[in-house]
Amino acid sequence: MAQFSDEMRHVFDVHRLVFRIGELASMTQVSPRQLRYWEKKQLIKSREREGEQARVYTFGTFVQVSMIKYYLDNGYTLTAAAAKAQERDSRAKLLRRFIFKGLRGFAEMDGQVAINMGAFDDQQTLMALVPEEGTVTYRLVPNAEARRLTQDLPD
């Protein structure tokens, strides 16, 4: 399970992704001038790279800019668009925290992929069975069985 956790942290470590203002502008179709204005208004923020004067923007800022632009394109004012984007970002942070802290690995149950969702209580683990098609279902299994199933998966 530790290997799974480490792999997921690496996969979801978006802090390593940084973009210069021109790259961010190109990716989001928001002009560098607008980005500087939004930064001045503290709607987004950049960070300085060591040894360079150029500002860079994180993946999180890319998402924030994309969301603000989405809401602006749908008729919101800049203030309202930024507020909606911040609200959405808060929910995304909860989901990210769940992925990092809650998921315990993958297993196979009844010929389906199952996601170990972690301990339900002291004796049971919640497993989510994810079929290729159809509805996700959930099953409680004894903790020892969940550990065995999750650890026995090949890499």
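The structure presented is a predicted model; accordingly, all values stated were derived computationally and were not measured.
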*Taking all atoms of both residues into account, what is the closest heavy-atom pair of M127 and A114, and its distance?*
CE-CB, 3.9 Å
What side-chain donor-acceptor pairs closer than 3.5 Å can you find for residues 72-79, not counting sequence neighbours?
| residue | atom | partner | partner atom | Å |
| --- | --- | --- | --- | --- |
| D73 | OD1 | K69 | NZ | 3.3 |
| D73 | OD2 | K69 | NZ | 2.8 |
| N74 | ND2 | Y70 | O | 2.7 |
| T77 | OG1 | A80 | N | 3.1 |

*Working to the nearest 0.5 Å, report the span between OG1 of T28 and CE of M67.*
13.0 Å
_Listed partners of K93 passing salt bridge (charged side-chain N to carboxylate O under 4.0 Å, His left out), at least two apart_ = D89
_salt bridge (charged side-chain N to carboxylate O under 4.0 Å, His left out) involving E23 - partner list, sequence neighbours excluded_ = none
*Tell me, please, which residues at least two apart from S46 pass side chain to side chain contact (heavy atoms under 4.5 Å, CB included).*
E39, R55, Y57
*Which atom pair, heavy atoms only, marks the closest approach of G118 to R104?*
CA-CG, 3.8 Å
*Nearest heavy-atom neighbours spanning A25 and S31*: CB-C, 4.2 Å
*Considering residues at least two apart in sequence or located in another chain, which fulfil the side chain to side chain contact (heavy atoms under 4.5 Å, CB included) criterion with S26?*
none
*With R91 via salt bridge (charged side-chain N to carboxylate O under 4.0 Å, His left out) - residues at least two apart*: E87
*Measure the shortest side-chain to side-chain distance between F106 and N116 over non-hydrogen atoms and say whether it is less than 4.5 angstrom.*
no
*Mind running side chain to side chain contact (heavy atoms under 4.5 Å, CB included) on Q86 and Q64 for me, showing each step along the way?*
CA-CA 7 Å; Q86 183 60 45; Q64 193 75 5; 3.6 Å; yes
*asked:* Test of understanding: with side chain to side chain contact (heavy atoms under 4.5 Å, CB included), list the residues that count as partners of K45, not counting sequence neighbours.
replied: none
*Any side-chain heavy-atom pair from L17 and F62 closer than 4.5 angstrom?*
no
*Looking at residues at least two apart in the chain, or sitting in another chain, which of them share a side-chain hydrogen bond (donor to acceptor under 3.5 Å, both in side chains) with T61?*
T58
*Return yes when atom OH of Y37 has more than 12 non-hydrogen atoms of other residues, nucleotides or ligands closer than 6.0 Å, and no otherwise.*
no
*asked:* Could you measure the distance from the CG atom of L24 to the CG atom of L35? Nearest 0.5 Å is fine.
replied: 5.0 Å
*Determine whether V113 and E108 make a side-chain contact, defined as any pair of heavy atoms from C-beta on separated by less than 4.5 Å.*
no
*Establish whether L95 and L126 are linked, either directly or via other cluster members, by ILVMFWY side-chain heavy-atom contacts under 4.5 Å.*
yes
*asked:* Please evaluate residues I21 and R36 with respect to the criterion side chain to side chain contact (heavy atoms under 4.5 Å, CB included), reporting the C-alpha separation (whole Å), side-chain torsions for both, the decisive distance (0.1 Å), and the verdict.
replied: CA-CA 9 Å; I21 195 166; R36 285 187 202 96; 3.8 Å; yes
*Which pair of non-hydrogen atoms, one from D121 and one from Q123, has the smallest distance, and what is that distance?*
OD1-N, 2.8 Å
Under 3.5 Å, which donor-acceptor pairs do the side chains of residues 130-145 form with other protein atoms, sequence neighbours left out?
| residue | atom | partner | partner atom | Å |
| --- | --- | --- | --- | --- |
| R139 | NH1 | D110 | OD2 | 2.8 |
| R139 | NH2 | D110 | OD2 | 2.8 |
| N143 | OD1 | Q124 | N | 3.3 |
| N143 | OD1 | T125 | N | 3.1 |
| N143 | OD1 | T125 | OG1 | 2.6 |
| N143 | ND2 | D122 | O | 2.9 |

